[in-house]
Each structure stands twice: as C-alpha cells, then as structure tokens.
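We name chains A, B, ... by the order of the sequence lines, and we start the count at 1 in each one.
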Amino acid sequence: MLARTLLRDETGRTGQLLQSRGLEAGPLEAWQRLDAERRAGLVEVEDLKRKRNEASREIGLIKRDGGDASAQIAAVSQSKAQVEALQSRLTEVETELRDLELDFPNLAHETVPVGPGEADNRLERQVGEPREFDFEPQAHWDLGPALGILDFERGAKLSGARFTVYFGAGARLERALINFMLDLHTTDHGYTEVLPPFIVKRDAMMGTGQLPKFEDDAFKIDRVEGEDLFLIPTAEVPLTNLHSGEILDESQLPLRYTAYTPCFRAEAGSYGKDVRGLFRQHQFNKVELVQLAHPERSFEALEELTGQAEKVLQLLELPYQVMALSTGDMGFGAAKTYDLEVWLPGQQRYREISSCSNCTDFQARRANLRFRPTGGGKARLVHSLNGSGLAVGRTLIAILENYQQADGSIVVPEALRPYAGGLERIPASG
RNA sequence: GGAGAGAUGGCUGAGCGGCCGAAAGCGACGGUCUUGAAAACCGUUGACCAUUCACGUGGUCCGUGGGUUCGAAUCCCACUCUCUCCGCCA
C-alpha cells in the first residue's frame with residue numbers, strides 16, 4: 001500500500017508513476033474523490049460525537065448529584081440516529097478506499113527503467129562465459145528422464161500437469177542444493193535460518209501483497225468452518241510477516257532471514273508457457289532471503305542481497321546475467337527488482353532463476369511492520385526486501401544443462417560434492 | 001476431541017458502567033550529581049485518524065466482531081488465540 005499523503009498529491013506525479021506501473025487513471029481519481037468525502041464526513045461526525053460525549057459527561061455529573069437528567073438524555077438519544085447514519089456512510093467510504101488502495105502497485109524507484117514490458121528491462125552485467133559444447137547440448141526435459149532422475153509422467157499421474165517426481169541422484173542433488181544454499185547464507189551472509197509454516201492465513205497473504213489482487217494464483221484451502229488458509233507461494237510470505245504488528249528496535253535492523261520451503265503456485269495465467277520440463281511447476285523448492293531494513297539503507301540492502309544470491313551461481317560456476325526490471329515488468333509490491341537469469345544451453349537463452357526486490361514500505365504498511373528509532377520518537381515503517389537465493393529446481397535444471405557431457409552423464413559441480421555425499425558424476429545409465 | 005482459566009501500553013500488571021487512554025513497577029529517553037560510568041534523585045514516554053501556518057484541539061482504539069446503555073476496558077452474545085488438566089498422536 002502507498003502512503004495516503006502520496007495518493008492525495010495535487011501535482012499528478014503519483015498518477016504518472018502509477019501509470020508507468022500499468023494502472024489506469026480511473027482508480028486514483030475515484031480514490032481521491034472518496035478521500036475528500038471521507039475527510040469532510042469525519043469532521044462532521046466527529047463534531048457530533050464531541051457534543052454527544054460532552055452531554056454524556058454532563059448526565060453523569062447530574063446523576064451523581066442526584067438530579068434529574070431526563071431532558072439531556074432525550075436530547076442525546078435524538079442525535080443518535082444522525083450519528084449512526086453518518087458513521088455507516090463513512091465506514092462504507094473507508095472500505096471502498098481500502099479496496100482501491102490494496103490494488104495500487106508500489107511506485108518504482110527513480111533508477112528503474114521505464115517501459116511497459118520485458119523488452120524494457122536493462123542488462124546490468126553478465127558473469128561467466130557460456131560453455132562451448134562440441135556436441136548438441138540437450139534440454140533438461142530430455143536429460144532428466146534419460147538419466148532416470150526426473151519423472152514427469154509419474155508426476156502427472158499422481159498430481160496432474162506441472163508436478164514432477166525426483167528419483168535417486170536427482171532427489172539427492174535437490175537436497176544437496178538446499179543445504180548448500182542455506183549453509184552459505186547462514187554462515188557467510190549472516191542470515192538466521194527459519195523453518196516457517198507452509199500454510200498461512202489470509203492476513204499474511206494480504207501483508208505481502210499476494211491478496212486480494214492475485215487470489216487466483218494461490219492454492220486455497222477451504223475449510224468447512226473457519227477462515228481460509230493458503231499454501232505459501234514463496235517463503236517471502238511467512239518470513240516478511242514474522243514481525244507484523246510489532247514495533248522493533250532500530251538496533252535490531254536489518255533483520256536477515258533465510259528459509260527453505262516448498263512453494264505452491266496455481267498461476268492461472270500461465271497456460272501454454274513452459275509446458276515442458278521442470279521450469280514452471282505448481283510445487284517447487286526455493287531458498288528465500290528476506291531482510292527487514294532501515295528505510296534509509298534499503299537500496300544498499302538490495303545490492304547486498306542480490307550479490308548474495310549471485311554468490312550461489314558463482315560458487316556453482318553457472319554463467320548468468322543480472323537484469324534491472326522495467327516499471328512494467330516488476331512485481332506488484334516492488335520498488336526495484338533485479339532478476340538473475342542463468343544460462344541454459346538446452347534452450348540457448350538466459351532464464352530467470354532469482355528475483356530480488358526492494359518493496360520499500362509497501363509491504364510494511366500492509367503488514368504494519370515498524371521500528372522505534374534509537375533515542376525515541378515516532379515508530380517508523382521498515383523497508384522489506386526479498387530474493388530467491390535460489391529457486392532450487394531451476395538450479396538443478398541449470399546444472400543438468402550446463403554440466404552435461406557428450407555421453408549423457410552429468411558432472412556434479414565441485415562446490416556441491418560435499419553436500420552430495422561426494423558424488424562426482426551422475427552416470428548416463430541412471 | 002472434553003473440562004477449566006485467561007487475553008489491558010515496549011514488557012509485567014491494577015482497573016465500583018460516568019475526568020480511565022487507563023494506577024503501579026520495569027524498560028527506554030532527557031536532566032541533576034560524577035573525571036567517566038553505575039547508583040540515587042527529578043522529569044518525559046502508546047497507536048491511528050482528522051483538523052490547524054503553528055501552539056494545540058477533536059475523534060477512535062483495552063484479543064476480534066456484534067449487542068445493551070445517554071455513557072462500556074468494565075455488562076451480554078459469538079469467534080480467535082494462549083495457558084492448565086484429561087484423551088489421542090508423528
């Protein structure tokens with residue numbers, strides 16, 4: 001959510017910024033009309049309430065002295081209907097304002113390239129050289145089944161399209177990657193490891209911005225009674241909401257959390273994209289990085305966090321590039337996003353393997369994440385950041401495609417071997 | 001799943017239906033004292049919203065949502081969560 005002072009802005013600048021994020025002018029104008037109505041109504045109803053409170057106090061005093069207050073009581077009772085009517089209209093207006101606000105995306109930082117889509121993303125850097133193959137490199141959807149480590153058919157049999165079963169060295173490598181990444185982030189990068197619930201309440205999904213706008217993308221658990229629960233689409237949701245409603249001490253910042261979790265995405269809009277292989281699944285594994293940072297240092301924190309995700313690719317010796325996403329391509333809550341794209345020889349292109357975002361105070365305002373400045377003073381909103389460090393399944397894809405050999409076997413990256421029981425090679429026989 | 005107890009400010013914890021936004025303690029912050037620190041003493045210290053150039057003023061908030069009342073932290077109903085005991089269980 002955006003600050004109301006920003007949305008009220010007279011200069012039209014907020015409107016322009018929102019338009020660059022793909023929002024049309026109508027909702028903002030509607031918001032501004034309702035806001036004006038709300039403020040006028042508040043003045044009116046608060047004045048009536050003030051009078052009512054004064055009268056009630058007077059009644060108390062009269063009664064204490066044993067007097068007859070029936071005239072005053074009648075007068076207050078009379079104004080009751082008026083207060084109620086005004087108040088209920090105000091509540092309505094407040095709800096409409098809130099509904100509109102919840103659908104406004106975050107404003108882009110000034111360093112973000114402006115443009116409507118993927119084509120406007122800016123290449124920041126390329127690291128590592130794509131390997132020269134002296135044979136035709138295969139895609140992982142051919143390599144995996146041939147090696148007997150990925151089974152798409154049985155995944156579909158059990159759970160439907162976009163579910164995969166890992167066997168043997170495949171499962172082992174996935175597990176090794178998880179441990180490798182968690183160790184790196186906790187030991188070298190100063191993150192606290194967290195094992196959160198994989199199911200969260202509606203409030204948590206609201207806090208990070210998955211709801212209400214993108215409910216179709218989530219797996220919802222409808223219980224017979226009680227509130228809805230959601231399978232987490234990313235560990236960002238439980239991690240960022242860990243301190244919702246709390247007031248932290250400034251000295252605690254930045255908080256750095258990392259977690260491995262499975263992620264569940266229904267992705268209603270993705271039909272026909274990446275239908276083959278492991279790239280786009282309803283369930284996948286991810287090691288996530290989250291920081292709650294001081295607002296004046298959050299953009300430095302974004303560089304830091306992005307670098308920490310890159311470190312994983314560097315240690316695994318996978319070539320990649322870093323893209324600064326354009327205003328039109330960024331996620332809903334982000335003020336700035338870097339995507340890490342790993343080279344996939346089987347597809348001859350760079351593909352997303354991590355997305356690192358500074359959400360500034362956008363999520364903090366929704367989730368009520370605040371800190372008390374050292375030396376006292378008003379509580380302020382923290383800035384929240386998140387990034388994949390990395391998407392584990394996609395990392396496995398990258399390893400299979402980049403480390404494949406002419407005989408169909410896969411060399412295990414050196415950094416990973418200690419985590420894979422010393423395994424050096426997945427033999428072609430499976 | 002059954003029985004009982006509870007939910008109040010950063011924390012602990014009082015609170016006859018009417019100067020209660022809330023005692024007290026702790027913590028934090030400022031000051032006095034000190035070479036410095038500690039101790040002691042004095043003072044300040046909730047959030048949100050609206051309004052005002054500003055000092056300030058008003059409104060809302062005592063788990064959440066309803067209700068009773070001129071007036072609710074205090075009474076009634078429902079829900080959520082926590083704790084204790086019993087049952088079941090990886």
Looking only at atom types and distance, does a side-chain atom of [X] sit under 3.5 Å from a main-chain N or O of [Y], one as donor and one as acceptor?
X        : Y        : answer
A/Gln283 : A/Phe264 : no
A/His140 : A/Leu278 : yes
A/Ser159 : A/Ala156 : no
A/Thr327 : A/Gly115 : yes

Using atom [atom1] of each nucleotide, how far apart are [N] and [M] to the nearest Å?
N      : M      : atom1 : answer
B/rA47 : B/rA23 : P     : 15 Å
B/rA50 : B/rG30 : C1'   : 31 Å
B/rC77 : B/rC29 : C1'   : 44 Å
B/rG15 : B/rG25 : C1'   : 15 Å
B/rG56 : B/rU69 : C1'   : 33 Å
B/rG2  : B/rG9  : C1'   : 36 Å
B/rG6  : B/rA14 : C1'   : 16 Å
B/rG58 : B/rU52 : C1'   : 11 Å

Next on the checklist: For a quick check of understanding: with a heavy-atom distance under 4.0 Å over all strands, which category does A/Arg8 fall into, base, sugar-phosphate or nothing?
Outcome noted: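 It contacts sugar-phosphate atoms only.
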Checklist entry - How is A/Arg4 classified with respect to the nucleic acid when contacts are heavy atoms under 4.0 Å: base, sugar-phosphate, or nothing? => result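 The residue A/Arg4 makes no contact with any strand.
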Next on the checklist: Is the ring pair A/His189/A/Tyr191 parallel, tilted or perpendicular, if the boundaries are 30 and 60 degrees?
Outcome noted: perpendicular
Checklist entry - What orientation do A/His294 and A/Phe371 show, parallel under 30°, tilted 30 to 60°, or perpendicular over 60°? => result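 Tilted, since the angle between the ring planes falls between 30° and 60°.
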Taking atom [atom2] of [N] as reference, at what distance in whole Å does atom [atom1] of [X] sit?
X        : N      : atom1 : atom2 : answer
A/Glu101 : B/rC48 : CD    : C1'   : 14 Å
A/Lys201 : B/rU64 : NZ    : C1'   : 11 Å
A/Glu46  : B/rC48 : CD    : P     : 16 Å
A/His243 : B/rG10 : NE2   : P     : 16 Å
A/Lys49  : B/rU57 : NZ    : P     : 20 Å
A/Met1   : B/rC48 : CE    : P     : 13 Å
A/Asn368 : B/rA47 : CG    : C1'   : 9 Å
A/Leu42  : B/rG59 : CG    : P     : 13 Å

So which protein nitrogen or oxygen atoms get under 3.5 Å of nucleotides 15-20 of chain B's nitrogens or oxygens?
from   : atom 1 : to      : atom 2 : distance (Å)
B/rG18 : N2     : A/Ser56 : O      : 2.9

Checklist entry - Within 45° of the axis and under 6.0 Å from the centre of the six-membered ring of A/Phe219, does NZ or CZ of A/Arg265 qualify? => result no
Next on the checklist: Taking the six-membered ring of A/Tyr419 as reference, does the cationic atom of A/Arg175 (NZ for Lys, CZ for Arg) lie under 6.0 Å from its centre and within 45° of its axis?
Outcome noted: no
Item to check | Dot-bracket pairing map - RNA chain B, Watson-Crick plus G-U, both contacts under 3.5 Å, | cross-strand | outcome: ((((((((.[[[..)..(.....]]]((((((.......))))))((((((....)))))).[[[[[..)....]]]]])))))))....
Checklist entry - Nearest nucleotide by nearest heavy atom, which residue falls closer to the 5' end of RNA chain B, A/Arg372 or A/Asn53? => result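 Comparing both residues, the 5'-ward one is A/Arg372.
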Next on the checklist: With nearest nucleotide decided by heavy atoms, which residue, A/Val76 or A/Asp47, maps closer to the 5′ end of RNA chain B?
Outcome noted: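 Result: A/Asp47.
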Contact under 4.0 Å: [X] side-chain N or O vs [N] OP1/OP2:
X        : N      : answer
A/Arg52  : B/rC70 : no
A/Arg50  : B/rU51 : no
A/Lys378 : B/rC48 : yes

Next on the checklist: Run the side-chain hydrogen bond (donor to acceptor under 3.5 Å, both in side chains) test on A/Tyr260 and A/Glu193 for me, step by step, so that the C-alpha distance in whole Å, both residues' side-chain angles and the decisive distance to 0.1 Å come before the verdict.
Outcome noted: CA-CA 8 Å; A/Tyr260 151 72; A/Glu193 183 172 346; over 6 Å; no
Checklist entry - Which of these passes salt bridge (charged side-chain N to carboxylate O under 4.0 Å, His left out) with A/Glu94: A/Arg89, A/Arg38, A/Arg39? => result A/Arg38
Checklist entry - In a check of side chain to side chain contact (heavy atoms under 4.5 Å, CB included) between A/Ile426 and each of A/Val411, A/Leu147, A/Ile399, which one passes? => result A/Leu147
Checklist entry - In this structure, which one of A/Ser357, A/Ser355, A/Ser354 forms a side chain to side chain contact (heavy atoms under 4.5 Å, CB included) with A/Asp339? => result A/Ser355
Checklist entry - Can you list, by residue number, the residues of residues 86-97 of chain A that have a non-hydrogen atom closer than 4.0 angstrom to RNA chain B? => result none
Checklist entry - Are the charged groups of A/Lys273 and A/Glu267 less than 4.0 angstrom apart, N to O? => result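 No salt bridge links A/Lys273 with A/Glu267.
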